[in-house]
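Below, each value reflects all heavy atoms present in this structure, side chains not excepted, and no hydrogens, waters or symmetry copies. Labels below follow one simple rule: chain letters A, B, ... track the order of the sequence lines, proteins then strands, and each chain is numbered from 1.
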Number of protein chains: 2
Amino acid sequence: MTGKNLAGPEADALDLGAVFRALADEHRRSVLTQLAADRGDNERGCNSFDLPISKQTQTHHFRVLREAGLIDEIDYGNRKGVRLRRADIEMRFPGLLALLEAEPPGDTDPR
Amino acid sequence: MTGKNLAGPEADALDLGAVFRALADEHRRSVLTQLAADRGDNERGCNSFDLPISKQTQTHHFRVLREAGLIDEIDYGNRKGVRLRRADIEMRFPGLLALLEAEPPGDTDPR
DNA sequence: CTTCAGGTACGACTTGAATCGTACCTGAAG
DNA sequence: CTTCAGGTACGATTCAAGTCGTACCTGAAG
């Protein structure tokens, strides 16, 4: 039942460039905004984000977010959980999550 | 002598997605970090950033930064000035510039 | 006037990223 | 066991972005 945590960078190793690149994508930013909105930082299923893209692409986006150090991915084998690394992000980039929370949620930015 | 200011978005219209996309590039982030380091927000020449890229590419990057609303470009005809839009950025995205200032300057991130 | 440095316009090339199709794996429920 | 939904792996495609070569513009200095 207890899944294993997939590897991401240490809190000290978080790179601002990688974070900005991760947040440059609309879908990934949507995921992080939704995660940041929950002050309890509960683990969420990957299905709960209602992304209008295929599951292969979702896998790709969650991987990018994890490799940027923004989320933890917990692997249960046939499903996966996601949790925001709020403490690490706040320590390394204080105020970053506040910027995301302040954004209007339905802002489908017309690239 | 007084140049004309090239058009950028209004302060209210600054888009977080465009800002993240602009800051996702190492060279543009370097420019903004250097600008943010000067608390006096003095106008700087485009040549003063020591970017290891051709001038055509520099033109491209400064345009992206301006269209994201992060800098003003002042056109003098045969040269150009750049100024950080600190007040607008701070109003719309408080704390963003602090994140850049906190970064180690010589961080040549190995993409 | 000519020269020259700074900057732009346009096009071409190249790389990376987002997306999806197909196939396969994993664990839970029949 | 089989079935099924969630997720991954791999490859292919498409598109945006970074880069530069060539040509041209602009204003200042001879």
Side-chain angles (χ1 to χ4, degrees), chain A residues 1-8 15 17-32 43-83 108-111, chain B residues 1-8 15 17-32 43-83 108-111:
Chain A
M1 197 49 162
T2 50
K4 60 172 183 292
N5 209 322
L6 299 182
D15 176 57
V19 168
F20 280 148
R21 280 193 294 275
L23 295 179
D25 182 86
E26 176 192 357
H27 298 130
R28 292 195 291 261
R29 204 165 56 250
S30 169
V31 167
L32 223 66
E43 184 179 319
R44 288 183 59 167
C46 288
N47 254 351
S48 65
F49 293 97
D50 202 34
L51 296 174
I53 49 181
S54 70
K55 53 181 186 175
Q56 309 96 295
T57 305
Q58 293 191 31
T59 295
H60 164 67
H61 284 313
F62 284 118
R63 170 195 288 266
V64 172
L65 287 174
R66 171 171 57 85
E67 291 181 344
L70 294 172
I71 63 171
D72 279 326
E73 290 185 287
I74 302 94
D75 185 15
Y76 296 103
N78 67 342
R79 78 196 149 87
K80 211 175 50 177
V82 173
R83 192 184 300 111
T108 314
D109 73 320
R111 187 196 287 236
Chain B
M1 195 50 160
T2 50
K4 61 172 182 292
N5 209 321
L6 298 182
D15 176 58
V19 168
F20 280 147
R21 280 192 293 276
L23 297 179
D25 182 86
E26 174 192 357
H27 299 129
R28 291 195 292 262
R29 204 165 56 250
S30 169
V31 167
L32 222 66
E43 184 178 320
R44 288 182 59 167
C46 289
N47 254 351
S48 65
F49 292 98
D50 200 33
L51 296 173
I53 49 181
S54 69
K55 53 182 186 174
Q56 308 96 294
T57 305
Q58 293 192 30
T59 296
H60 164 67
H61 284 313
F62 284 118
R63 170 194 288 266
V64 172
L65 287 174
R66 171 171 56 85
E67 291 180 345
L70 295 172
I71 63 171
D72 278 326
E73 290 186 286
I74 301 96
D75 185 16
Y76 296 102
N78 66 342
R79 78 197 150 85
K80 211 175 50 178
V82 173
R83 192 184 299 112
T108 314
D109 72 320
R111 185 195 288 237

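The side chain of A/Lys55 has D/dT8 as its nearest neighbour among C/dA18, C/dA9, D/dT8. Across C/dC20, D/dT8, C/dG6, the shortest atom-to-atom separation from the side chain of B/Arg79 is found for C/dG6. Considering only side-chain atoms of A/Ile53, the nucleotide from C/dA9, D/dT19, C/dT19 that sits closest is C/dT19. Picking from D/dT8, D/dC20, C/dT19 the nucleotide with the shortest atom distance to the side chain of B/Gln56 gives D/dC20. For A/Arg63, whose side chain is taken as the heavy atoms from C-beta onward, the closest listed nucleotide among D/dA9, D/dG18, C/dA18 is D/dA9.
In this structure, the CG atom of A/Asp75 is 15 Å from the P atom of D/dG6, given to the nearest Å. Spacing between atom CZ of B/Arg29 and atom P of D/dG18 amounts to 12 Å, rounded to whole angstrom units. Residue B/Glu67 contributes atom CD, which lies 12 Å from atom P of D/dG18 at whole-angstrom precision. With rounding to whole Å, A/Leu23 atom CG is found 12 Å from C/dA18 atom P. When rounded to the nearest whole Å, the span between NE2 of A/His60 and C1' of D/dC10 equals 14 Å. Summarising the geometry, the separation between CG on A/Asp25 and P on D/dC15 is reported as 17 Å, rounded to the nearest angstrom. One interatomic measurement links the two molecules: CZ of A/Phe62 to C1' of D/dG6, which rounds to 12 Å at whole-angstrom precision. In this structure, A/Gln58 atom CD and C/dC20 atom C1' are separated by 12 Å, rounded to whole Å.
Under 4.0 angstrom from either OP1 or OP2 of C/dG16 there lies no side-chain N or O belonging to A/Arg21. Residue B/His61 has no polar side-chain atom (N or O) positioned under 4.0 Å from OP1 or OP2 of D/dA17. Between A/Thr57 and C/dC20 there is a side-chain polar atom (N or O) within less than 4.0 angstrom of OP1 or OP2. Applying the 4.0 Å criterion to OP1 and OP2 of D/dC20, one finds that B/Ser54 has a side-chain N or O inside that range.
Contact record, B/Lys80 with B/Asp75: CG-CA, 4.3 Å, taken as the closest heavy-atom pair. What you find for A/Val19 and A/Ala68 is that their closest heavy atoms are CG2-O, 4.0 Å. Listed here is the closest heavy atom pair of A/His61 and A/Arg28: ND1-NH1, 3.1 Å.
Counting only Watson-Crick or G-U wobble pairs whose defining distances are both under 3.5 Å, the stems of 3 or more consecutive pairs in DNA chain D are C:1-30 with D:1-30.
Across all strands, A/Asn47 comes closer than 4.0 Å only to sugar-phosphate atoms, never to a base (heavy-atom distances). Using a 4.0 Å heavy-atom cutoff across all strands shown, A/His27 reaches sugar-phosphate atoms only and no base atom.
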Can you pull every protein N or O that's under 3.5 Å from an N or O on nucleotides 25-27 of chain C?
unit_1: C/dG27; atom_1: N3; unit_2: A/Asn78; atom_2: ND2; d: 3.4

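How far CZ of A/Arg83 is from CD of A/Glu43: 5.0 Å, rounded to the nearest 0.5 Å. One distance of note links CZ of B/Arg21 with CD of A/Glu26; it measures 8.5 Å at 0.5 Å rounding. Taking CD1 from A/Ile74 and NZ from A/Lys4, the interatomic distance works out to 12.0 Å, rounded to the nearest 0.5 Å. Atom NZ of B/Lys55 and atom SG of B/Cys46 lie 12.5 Å apart (nearest 0.5 Å).
You'll find the side chain of B/Leu70 reaches within 4.5 Å of the side chain of B/Leu23, heavy atoms only. In this structure, the side chains of A/Phe49 and A/Gln58 stay at 4.5 Å or more apart for every pair of heavy atoms. Two residues are said to be in side-chain contact when any heavy atoms from C-beta on lie closer than 4.5 Å; B/Ile71 and B/Leu32 meet this criterion.
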